[in-house]
Number of protein chains: 2
Amino acid sequence: MKILLVEDETRLAEAVAASLSKTGIAVDHTALLGDAIELARQQTYDAIVLDRRLPDGDGITFIPWLRSAGVVTPVIVLTARNEPKERVAGLDLGADDYLGKPFLMEELFARLRAVLRRPSALAEPSIVAGRMTVDPIRMDVMVGELQLDLPRRELMVLVTLAKRKGRTVLRSALEAEIYNYEETIQSNALDAHVSRLRKRLADADAGVSIHNIRGVGYLLKEH
Amino acid sequence: MKILLVEDETRLAEAVAASLSKTGIAVDHTALLGDAIELARQQTYDAIVLDRRLPDGDGITFIPWLRSAGVVTPVIVLTARNEPKERVAGLDLGADDYLGKPFLMEELFARLRAVLRRPSALAEPSIVAGRMTVDPIRMDVMVGELQLDLPRRELMVLVTLAKRKGRTVLRSALEAEIYNYEETIQSNALDAHVSRLRKRLADADAGVSIHNIRGVGYLLKEH
DNA sequence: CGACGACCATTGCGACAGGATTACGGCATG
DNA sequence: CATGCCGTAATCCTGTCGCAATGGTCGTCG
């Protein structure tokens, strides 16, 4: 689960990124519309949170650009004030929701959850694999009746693999999903997480296993 | 447990809020219909207490708005006089109960309790965990045959965790449930409550424990 | 077919962030 | 005036993470 945050108020952006990453959502952040376009070309996000007032233009112009490129990723627009006029403009241009600043972090989360839950969103409601049920929206994992509590990064790995269960996930795709572009990875941290995750899944008797495809990536299998 | 109070008479609103919060119910209060709509979008309440006569319109117009948005939260309507005409209008529009001003605080509580007890209410009748029984409506906790009386905030924490026992409750969700949007939290007050609560639960041998999911939230487990 | 090299698995370590605990002072309540 | 609750902050403690070293596995090429 990864979202793109386009916001030039540093403090706010940091707060949002920090809070989201706590719940296991990776955040790419940029202050510039131009960079945002570049990032959106490079990878797909599960959602985009977009400020209107940006140094290099009105954020809202981003939306038609996205849509015309065939991108259906849900967009939540942030505006400085709760002006109905602005709101209508945003929704007309294809925003999925709208939020006036200042807002409660909890509110942003709620809307993100709402927007990610939509059928248009890429994420399925819930994924079953072995004795395990993964909810990619709430970011939790049940094994039988018990919740399996995992550290943040391991949770992200597992959810990403679960979303493509039975199919190989490229190593690079996993890394991209779990780390944002600021956090470069300089070692086999991913392998370490996979290893620890495997142990936890075995201990919990989750009925799945993580296979490695040499030189390519990883793969979640039920057994 | 959290309710939304929409009322423009300051004295009355304060009295209601004070009394409710004593019993462990958090209250968000606003005098304006517009704000109420905004708040109701932001979070879900267990009940809404709604005055009709508001500075920016008839409170009752709020109800169709809510219902059309799929919100089933029970609504209690307050009106200045006991006019049957008004009452019918309110109930027709989907209010769950109705109360003429002036009223006894005790009466409002009784109706709130009634309305919260209804199956439509989100809260289950009673939650058992370990040797502990939590009644989220009456806001009390029994351990064995003995009632465990907890300070207000600790009680709110426990009930919130109990309602989602076995599953992780986000830190931010806990804070939202326990504090209203005016009370900003500037420190680890929540942690402090959890800590004190843990001690009390251990002393009372409640047969449950509160786990922390680092960076995410808390989780109530039976043991 | 065997050996080498690339890739992966596992594990311990140190740094660090975040949580746990507790003492204190303010405040309300009775 | 005493008691108890709450928020704050200081301090201590613990889990998680990235890292790297070591050992294992697989494929490939001589």
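Letters go in sequence order (proteins before strands), and every chain restarts at 1.
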Enquirer: Starting from the first five and the last five pairs of the helix from C:dC1-D:dG30 to C:dG30-D:dC1, work out the angle between the resulting helix axes, to 10 degrees.
Expert: 30°
Enquirer: Could you give me the CA-CA distance, side-chain angles and deciding distance for A:E7 and A:L78, then say whether side chain to side chain contact (heavy atoms under 4.5 Å, CB included) is met?
Expert: CA-CA 9 Å; A:E7 167 63 63; A:L78 305 179; 3.7 Å; yes
Enquirer: In whole angstroms, how far is the C1' atom of D:dT8 from the CG atom of B:D191?
Expert: 12 Å
Enquirer: Show your reasoning for whether side chain to side chain contact (heavy atoms under 4.5 Å, CB included) applies to A:V49 and A:V16.
Expert: CA-CA 10 Å; A:V49 177; A:V16 170; 6.0 Å; no
Enquirer: Who passes salt bridge (charged side-chain N to carboxylate O under 4.0 Å, His left out) against A:E9, sequence neighbours left out?
Expert: A:K101
Enquirer: How many Å lie between CG on B:L197 and P on C:dT22, as a whole number?
Expert: 14 Å
Enquirer: Holding to side-chain contact (heavy atoms from CB on, under 4.5 Å), I want the full list of residues that pass it with A:A31, two or more places apart in sequence or in another chain.
Expert: A:D8
Enquirer: Do you know the tightest heavy-atom contact between B:V134 and B:A162?
Expert: CG2-CB, 4.0 Å
Enquirer: Would you compute the distance between atom CG of B:L66 and atom CD1 of B:I48 and round it to the nearest 0.5 angstrom?
Expert: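 It comes to 4.5 Å.
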Enquirer: For the pair B:M132 and B:L201, evaluate side chain to side chain contact (heavy atoms under 4.5 Å, CB included) and give the outcome as yes or no after the intermediate values.
Expert: CA-CA 9 Å; B:M132 188 178 72; B:L201 291 176; 4.0 Å; yes
Enquirer: For B:K199 and D:dC5, what is the distance between atoms NZ and P respectively, to the nearest whole Å?
Expert: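 The distance from NZ of B:K199 to P of D:dC5 comes to 13 Å, rounded to the nearest Å.
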Enquirer: Any side-chain N or O of B:S195 under 4.0 Å from OP1/OP2 of C:dA20?
Expert: no
Enquirer: Under 3.5 Å, sequence neighbours excluded: what are the donor-acceptor pairs made by side chains of residues 148-161 of chain B?
Expert:
from   : atom 1 : to     : atom 2 : distance (Å)
B:R152 : NE     : B:S21  : O      : 2.6
B:E154 : OE1    : B:R200 : NH1    : 2.7
B:E154 : OE2    : B:R200 : NH1    : 2.9
B:T160 : OG1    : B:M156 : O      : 2.7

Enquirer: What nucleic acid atoms does B:N212 come within less than 4.0 Å of, heavy atoms only: base, sugar-phosphate, or nothing?
Expert: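 Contact class for B:N212: sugar-phosphate only.
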Enquirer: Between A:R198 and C:dT10, is there a side-chain N or O to OP1/OP2 distance below 4.0 Å?
Expert: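 Affirmative; the distance criterion is met.
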Enquirer: Provide, to the nearest angstrom, the distance between the NE2 atom belonging to B:H211 and the P atom belonging to D:dG15.
Expert: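 So the NE2-P distance, B:H211 to D:dG15, works out to 12 Å.
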Enquirer: Taking only N and O in the side chain of A:H193, is any of them less than 4.0 Å away from OP1 or OP2 of D:dG18?
Expert: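 Yes, within the criterion.
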Enquirer: Can you give me every donor-acceptor pair (side chain of residues 202-210 of chain B, partner residue at least two apart or in another chain, under 3.5 Å) with its distance?
Expert:
from   : atom 1 : to     : atom 2 : distance (Å)
B:D203 : OD2    : B:K199 : NZ     : 3.4
B:S209 : OG     : B:H211 : NE2    : 3.2

Enquirer: Using the side-chain contact (heavy atoms from CB on, under 4.5 Å) criterion, which residues pair with A:T133? Sequence neighbours excluded.
Expert: A:S126, A:V128, A:M142
Enquirer: Choosing from C:dT21, D:dT16, D:dC6, which nucleotide comes nearest the side chain of A:R200?
Expert: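 When the side chain of A:R200 is considered, D:dT16 is the closest of C:dT21, D:dT16, D:dC6.
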Enquirer: Output all residues satisfying salt bridge (charged side-chain N to carboxylate O under 4.0 Å, His left out) with B:K221, sequence neighbours left out; order by chain, then residue number.
Expert: none
Enquirer: So, OP1 or OP2 of D:dG7: does either fall under 4.0 Å of a side-chain N or O from B:Y179?
Expert: yes
Enquirer: Rounded to the Å, how far apart are A:L174 CG and C:dC8 C1'?
Expert: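 Distance, rounded to whole Å: 14 Å.
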Enquirer: Of B:I210 and B:K22, whose closest DNA chain C nucleotide lies nearer the 5' terminus?
Expert: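 It is B:I210 whose nearest nucleotide is closer to the 5' end.
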Enquirer: In B/S/- notation, 5' to 3', how is nucleotides 20-30 of chain D contacted by protein heavy atoms closer than 4.0 Å?
Expert: BB---BB----
Enquirer: Hey, can you pull the residues of residues 150-160 of chain B with a non-hydrogen atom under 4.0 angstrom from DNA chain D?
Expert: B:P151, B:R152, B:R153
Enquirer: Expressed in angstrom and rounded to an integer, what is the separation of A:E14 atom CD from C:dA17 atom P?
Expert: 13 Å
Enquirer: Strictly below 4.0 Å, heavy-atom distances to any atom of DNA chain D: list the hits from residues 216-223 of chain A, or just say none.
Expert: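 Close to the strand, none.
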Enquirer: Would you check, one step at a time, whether the test side chain to side chain contact (heavy atoms under 4.5 Å, CB included) holds for B:D191 with B:Y218?
Expert: CA-CA 10 Å; B:D191 304 57; B:Y218 290 95; 3.6 Å; yes
Enquirer: Let me know the distance between CG of B:L190 and C1' of C:dG19, rounded to the nearest Å.
Expert: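 After rounding, the reported distance stands at 11 Å.
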Enquirer: Excluding sequence neighbours, so at least two apart, what forms side-chain contact (heavy atoms from CB on, under 4.5 Å) with A:D56?
Expert: A:L32, A:L33, A:L54
Enquirer: Rounded off to whole Å, could you give me the CD-to-P distance for the B:E175 and D:dC6 pair?
Expert: 16 Å
Enquirer: Salt bridge or not for A:K163 and A:D46, using N-O below 4.0 Å?
Expert: yes
Enquirer: Restricting to side-chain contact (heavy atoms from CB on, under 4.5 Å), what partner residues turn up for A:E222, sequence neighbours left out?
Expert: A:A129, A:K165
